[in-house]
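I have placed the structure first, in the form of structure tokens, so that the comments after it can refer back to it.
Numbers restart at 1 for each chain; the letters A, B, ... are given by sequence-line order, proteins then strands.
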Amino acid sequence: MHDIRFIRENPDAFDAALKRRKLAPMAGEILKTDSDRRALQAQIQELQSRRNQASKEIGALKAKGGDADALIAEVNDIKTKMPDLETEEASLAESLESRLIELPNLLDESVPDGDDEDQNQLIRTIGDIPSFRFTPKDHVALGEGLGLMDFALGAKLAGARFVVLSGQLARLERALAAFMLDTHTGEFGYVETLPPALVNSQTMTGTGQLPKFAEDLYRTDDKWLIPTAEVPLTNIVADEITDSAVLPLRMTAYTQCFRSEAGSAGRDTRGMIRQHQFSKVEMVSITHPDQSADELERMTSCAETILQKLELPYRVLKLCSGDTGFSAQQTYDLEVWLPGQDEGRGMYREISSCSNCGPFQARRMKARFRDVETGETRFLHTLNGSGLAVGRTLIAILENGQQEDGIILLPQALHSYMGTDRLVASA
RNA sequence: GGAGAGGUGGCAGAGCGGUUGAAUGCACCGGUCUUGAAAACCGGCAAGGGCGAAAGCCCUUCGUGGGUUCAAAUCCCACCCUCUCCGCCA
């Protein structure tokens, strides 16, 4: 959501920012609606003021036993004029609101220009890409080879883009989640949180999934399945004036995530890369505006720590203007090396995305804090990042740890969680 | 799912047709006092919006949306949520 006052004061800057999002200029149109609405609002408020005043006079007159008929007639006259004006004003307000609520966040000036993911900016590459004396398999071959990953069964029970894990592979999912949560809570101060996986429309609107991206979501009668824990976690501060002394708020949650993948038909159809249901450990930070830039770096490094402890090679990219998501001002993607992809040649795949949304979501959800200096309320900044997508981490463990004989060597950090140092085929 | 009670400012809690944007207490902020702190005392303190250079004026909001009335936190209707009891259930 955008600040109408910013648009009033900086229409050209606003249009220039839209252009970076490949959107046509619209400040002129928005401001026309805005000024029409305000003119109407002033007119309405004048009538309301007169009505309120007259009503008080009526009360005073009647208390003294006087005759108020003339005033009552005047109020009634005002009341006949009001509905049309109010309807018109509401219509303008709604048109303004619906326009603003569908526009993406303005990009941070540090975001590089670019059309799509090919133009993201490489920030750093960490870890050595493993070399194999054999052609590495992908996680599908490995998982099925272990007898612990069954896509046909997932399809039988639910349909395409579902899988059933069993035995040590199901345990690996749990181990990864526990390891990630332990690290974020124990080392980085995030508060473990278990939020609802179904939320109402208002909550979905707060973080930006609605109204524009309804088709990407699964819904029930009156609720929506969360596509990420970012949604419930961030909305915890919605409609609140948060005490600035508790900032930054840092929360982490392990949840299932549900996505219809409406726009991805035919993409990543093999394996567990893109499922309708997957689990993720999410990090959310709520900060003072002055802290959000540093917090994004910190959050990204928290996610990176997980990859490092799991001995997984990865790289960090700064997303370009064309690839940065709707609600984000700025985003770092972490891509893990998956040696089994692309016929065993390997490739990097996204495993985490860390974004600073600035005041964009906070304004949508009215998440504020009180500025100690001025006494005024201001919008918070919100950040979210995956730390990490558990399914894709499991894939990475399999593909990077594979041996020629089909067993998987596990990273040291997981040994205690798994009760073993390796995965072997089930009997 | 059924029955009852209730949803008021950061919190607690009055008000139940007019002068109430809302008593009182707590919290918070400023001041007096104090070596300092506490206590006590004095004062301030809802949010959002419009107009205005500013001072300030005005509008809206007492769960949400309608309705009655010259006038609604107060009356009526619907919905949402919370609590208690019953039923069902992990």
With rounding to the nearest 0.5 angstrom, report the [atom1] to [atom2] distance, [X] to [Y].
| X | Y | atom1 | atom2 | value |
| --- | --- | --- | --- | --- |
| A:T193 | A:M283 | OG1 | CE | 13.0 Å |
| A:L388 | A:T305 | CG | OG1 | 10.0 Å |
| A:L146 | A:L423 | CG | CG | 6.0 Å |

What are the residues of residues 26-46 of chain A, sorted by number, that bring a heavy atom to within less than 4.0 Å of RNA chain B?
-> A:R38, A:Q41, A:Q45
Passes salt bridge (Lys or Arg N to Asp or Glu O under 4.0 Å), A:E240 versus A:K366? Steps please.
-> CA-CA 7 Å; A:E240 302 284 346; A:K366 298 180 178 58; over 6 Å; no
If you look at every strand shown and take non-hydrogen atoms under 4.0 Å, does A:N52 touch a base, only sugar-phosphate, or nothing?
->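 Result for A:N52 = sugar-phosphate.
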With a non-hydrogen cut-off below 4.0 angstrom, is A:R378 in contact with a base, only sugar-phosphate, or nothing?
->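 Here A:R378 touches no strand at all.
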Identity of whatever pairs with [N] - Watson-Crick or G-U, under 3.5 angstrom:
| N | answer |
| --- | --- |
| B:rA22 | none |
| B:rA53 | none |
| B:rC41 | B:rG31 |
| B:rU60 | B:rA47 |
| B:rA5 | B:rU82 |
| B:rC89 | none |
| B:rU74 | none |

Which one of A:I226, A:N235, A:T228 satisfies the side-chain contact (heavy atoms from CB on, under 4.5 Å) criterion with A:T207?
->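 By the side-chain contact (heavy atoms from CB on, under 4.5 Å) criterion, A:T207 pairs with just one of A:I226, A:N235, A:T228: A:N235.
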Find the distance [X]:[atom1] to [N]:[atom2] and express it as a whole number of Å.
| X | N | atom1 | atom2 | answer |
| --- | --- | --- | --- | --- |
| A:R368 | B:rG10 | CZ | P | 9 Å |
| A:M365 | B:rG48 | CE | P | 17 Å |
| A:D3 | B:rG49 | CG | C1' | 13 Å |
| A:I241 | B:rG48 | CD1 | C1' | 10 Å |
| A:D371 | B:rC29 | CG | P | 15 Å |
| A:E376 | B:rA47 | CD | C1' | 13 Å |
| A:E86 | B:rU60 | CD | C1' | 11 Å |
| A:D239 | B:rG48 | CG | C1' | 12 Å |

How do A:R5 and A:R50 order along RNA chain B: which one's closest nucleotide is nearer the 5' end?
-> A:R5
[atom1] atom, [N] versus [M]: distance in rounded Å?
| N | M | atom1 | value |
| --- | --- | --- | --- |
| B:rU24 | B:rA14 | C1' | 7 Å |
| B:rU34 | B:rA73 | P | 48 Å |
| B:rC79 | B:rG1 | P | 12 Å |
| B:rG49 | B:rA54 | P | 16 Å |
| B:rC59 | B:rG21 | C1' | 13 Å |
| B:rU64 | B:rG10 | P | 13 Å |
| B:rA72 | B:rG63 | P | 15 Å |
| B:rC83 | B:rG30 | P | 38 Å |

Parallel, tilted or perpendicular for A:H276 and A:F162, by the 30°/60° rule?
->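 Tilted: the ring planes of A:H276 and A:F162 meet at 30° to 60°.
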Plane angle bin for A:H288 and A:F369 - parallel if under 30°, tilted between 30 and 60°, otherwise perpendicular | tilted
What does the list of N/O pairs under 3.5 Å between the protein and nucleotides 78-83 of chain B look like, with a distance for each?
none

Please list, for nucleotides 69-72 of chain B, all pairs of protein and nucleotide N/O atoms separated by less than 3.5 Å.
from	atom 1	to	atom 2	distance (Å)
B:rC70	O2'	A:S55	OG	3.1
B:rA71	OP1	A:K79	NZ	2.9
B:rA71	OP2	A:K79	NZ	3.4

Under 3.5 Å, sequence neighbours excluded: what are the donor-acceptor pairs made by side chains of residues 107-114 of chain A?
from	atom 1	to	atom 2	distance (Å)
A:D108	OD2	A:S110	N	2.9
A:D108	OD2	A:S110	OG	2.7
A:S110	OG	A:K318	NZ	2.7
A:D113	OD1	A:R20	NE	3.2
A:D113	OD1	A:R20	NH2	3.4

Tell me whether the OP1 or OP2 atom of B:rG50 has a side-chain N or O from A:R8 closer than 4.0 Å.
-> yes
Could you tell me which residues satisfy salt bridge (charged side-chain N to carboxylate O under 4.0 Å, His left out) with A:R298, sequence neighbours excluded, listed by chain and number?
-> none
List in chain and number order the residues that pass salt bridge (charged side-chain N to carboxylate O under 4.0 Å, His left out) with A:R219, two or more places apart in sequence or in another chain; answer none if no residue qualifies.
-> none
Could you walk me through whether A:R392 and A:E350 pass the side-chain contact (heavy atoms from CB on, under 4.5 Å) test, one step at a time?
-> CA-CA 8 Å; A:R392 289 189 181 180; A:E350 178 187 339; 3.9 Å; yes
For A:K19, does the NZ atom have more than 12 heavy-atom neighbours from other residues, nucleotides or ligands under 6.0 Å away?
-> no
Would you please test A:Q329 and A:S355 for side-chain contact (heavy atoms from CB on, under 4.5 Å) and show each step?
-> CA-CA 7 Å; A:Q329 260 179 6; A:S355 299; over 6 Å; no
Applying side-chain contact (heavy atoms from CB on, under 4.5 Å), run through A:F151 and A:V164 and close with a yes or a no.
-> CA-CA 6 Å; A:F151 290 94; A:V164 176; over 6 Å; no
